[in-house]
Amino acid sequence: GLRELAQRLGITHQNLFRYFPTKEALIDRVYQEVYLSRWQPEWESLLRQPKRPLEARLTDFYKVYLHAIFRYDWVRIFVFAGLKGVGISQRYLTLIQAKVIAPLAIELRLLAEGPRARKSAPSAEEMEVAWGLHGELFYVAVRRWVYDMPVPDDLDGIIEAAITRFMQGAPAAMRSISKQRPSVKTRAQTGSK
């Protein structure tokens with residue numbers, strides 16, 4: 001609660017209330033300071049350079065992104081907020097999904113299916129494939145800052161290896177998803193939508 005927080009900070013409850021009249025206002029400020037302030041719009045441009053190979057763009061993005069979030073406070077607040085259901089984690093993951101994961105899923109579909117690829121929003125299955133890389137790299141931070149396990153100092157090497165694995169497997173997974181999807185002709189014949 002706010003009283004306990006004020007006590008831990010060594011300030012009066014009234015002083016804390018002066019700046020944050022509600023717990024939600026405090027949570028919103030933490031979200032702005034710890035998460036949104038670290039997000040750099042330039043990162044999005046690293047991902048959206050269609051003339052460069054996807055693997056190179058992912059490598060450039062995750063090298064700056066992982067270094068920015070690979071911090072004790074960032075990871076622990078993120079995990080704790082998710083467990084407590086205060087909404088910070090969900091808000092941030094919505095941002096990541098819109099700016100990183102959904103565009104990646106579409107690019108993977110295009111890579112896997114070529115010019116015949118559908119031009120529509122990614123399916124839930126395609127999104128899961130795209131989340132795989134992000135989840136793998138975030139888990140390195142969880143191992144370090146939540147479980148206090150040693151991880152290699154060379155984050156760039158971890159990133160490069162993860163992206164190599166991802167780029168070898170993700171297109172195949174997307175092709176598999178595509179094969180399982182009923183064709184337009186099949187749907188028309190069965191009357192399904």
Side-chain angles (χ1 to χ4, degrees), residues 35 38-70 74-75 78-79 82 89-144 146-147 149 151-190 192-193:
Y35 296 94
R38 289 195 185 153
W39 182 264
Q40 301 298 314
E42 306 87 61
W43 297 349
E44 295 169 57
S45 66
L46 291 174
L47 291 170
R48 287 164 187 72
Q49 299 172 354
K51 294 186 189 229
R52 293 186 67 222
L54 180 57
E55 186 168 350
R57 289 182 278 146
L58 287 171
T59 301
D60 289 348
F61 169 76
Y62 277 107
K63 280 184 177 179
V64 293
Y65 178 75
L66 192 61
H67 284 280
I69 69 158
F70 201 79
W74 196 100
V75 174
F78 186 84
V79 172
S89 303
Q90 293 79 2
R91 285 169 66 186
Y92 188 74
L93 289 175
T94 298
L95 173 108
I96 292 297
Q97 184 164 300
K99 295 185 180 292
V100 179
I101 305 304
L104 175 56
I106 292 168
E107 284 214 45
L108 288 170
R109 181 197 303 146
L110 293 170
L111 187 64
E113 297 178 18
R116 65 184 181 87
R118 295 176 295 121
K119 303 218 183 324
S120 61
S123 68
E125 293 84 5
E126 290 170 326
M127 292 290 282
E128 284 303 311
V129 171
W131 271 112
L133 177 61
H134 198 84
E136 178 180 348
L137 292 172
F138 179 69
Y139 193 65
V140 173
V142 169
R143 285 187 0 245
R144 172 64 185 94
V146 175
Y147 299 131
M149 293 181 66
V151 298
D153 291 333
D154 181 16
L155 286 181
D156 289 350
I158 292 171
I159 292 164
E160 290 166 6
I163 291 170
T164 298
R165 283 190 304 275
F166 180 76
M167 291 304 297
Q168 290 174 0
M174 292 301 241
R175 282 189 290 277
S176 176
I177 290 167
S178 176
K179 287 177 187 174
Q180 294 171 8
R181 187 174 37 250
S183 68
V184 174
K185 183 178 178 183
T186 305
R187 282 182 275 172
Q189 289 171 344
T190 62
S192 62
K193 294 181 181 181

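Small disclaimer: the values here were computed from a predicted structure and weren't measured.
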Applying salt bridge (Lys or Arg N to Asp or Glu O under 4.0 Å), which residue pairs with at least one partner in residues 151-160 are found, sequence neighbours left out? Lys63-Glu160

Can you confirm whether Met167 sits close enough to Leu58 that some side-chain heavy atom of one is under 4.5 Å from a side-chain heavy atom of the other? yes

Where at least one partner belongs to residues 91-120, residue pairs that pass ring-ring contact (aromatic ring centres under 6.0 Å, His included), sequence neighbours excluded: Tyr35-Tyr92, Trp74-Tyr92

Can you sort out the partners of Ile106 under side chain to side chain contact (heavy atoms under 4.5 Å, CB included), two or more places apart, ordered by chain and number? Leu110, Pro122

Is there a side-chain contact between Lys99 and Leu47 (heavy atoms, below 4.5 Å)? no

Quick one, Val75 and Val146 - any side-chain contact, counting heavy atoms below 4.5 Å? yes

Using modelled atom types only, decide if a donor and an acceptor are shared between the side chain of Arg175 and the backbone of Arg109 within a distance under 3.5 Å. no

How long is the gap from CG on Leu95 to CH2 on Trp39, to the nearest 0.5 Å? 5.5 Å

Run the salt bridge (charged side-chain N to carboxylate O under 4.0 Å, His left out) test against Arg52 and tell me which residues pass, sequence neighbours left out. Asp60

Does Glu113 come within less than 4.0 Å of Arg118, counting only side-chain N to carboxylate O? no

Considering non-hydrogen atoms only, spot the tightest contact between Leu111 and Pro171 and give its length. CD2-CG, 3.8 Å

Who pairs with Arg38 by side-chain hydrogen bond (donor to acceptor under 3.5 Å, both in side chains), at least two apart in sequence or on another chain? Asp73

Could you tell me the separation between the OG atom of Ser176 and the CD atom of Glu125, rounded to the nearest 0.5 Å? 10.0 Å

Residues which pass side chain to side chain contact (heavy atoms under 4.5 Å, CB included) with Thr94, listed by chain and number, not counting sequence neighbours: none

With Arg143, which residues qualify under salt bridge (charged side-chain N to carboxylate O under 4.0 Å, His left out), at least two apart? none

4.5 Å side-chain heavy-atom contact, Leu104 and Phe166: yes

So does Met149 get a backbone contact from the side chain of Arg144, meaning a donor-acceptor N/O pair under 3.5 Å? no

Listed partners of Gln90 passing side-chain hydrogen bond (donor to acceptor under 3.5 Å, both in side chains), at least two apart: none

Which residues pass the side chain to side chain contact (heavy atoms under 4.5 Å, CB included) test with Glu42, not counting sequence neighbours? Gln40, Ser45

I would like to know whether Leu46 and Arg57 meet side chain to side chain contact (heavy atoms under 4.5 Å, CB included); could you show each step before the answer? CA-CA 6 Å; Leu46 291 174; Arg57 289 182 278 146; 5.9 Å; no

Set of residues satisfying salt bridge (charged side-chain N to carboxylate O under 4.0 Å, His left out) with respect to Glu128, sequence neighbours excluded: none

Pairwise side-chain contact, Val100 with Phe61, heavy-atom cut-off 4.5 Å (strictly under): yes

Using distance only, find each side-chain donor-acceptor pair of residues 134-142 under 3.5 Å and give its atom names and separation, not counting sequence neighbours.
residue: His134; atom: ND1; partner: Tyr62; partner atom: OH; Å: 2.8
residue: Glu136; atom: OE2; partner: Arg165; partner atom: NH2; Å: 2.1

Check whether any side-chain N or O of Glu126 sits under 3.5 Å from a backbone N or O of Ser123 as a donor-acceptor pair, and report yes or no. yes

For Leu93, all residues meeting side chain to side chain contact (heavy atoms under 4.5 Å, CB included), sequence neighbours excluded: Phe78, Trp131

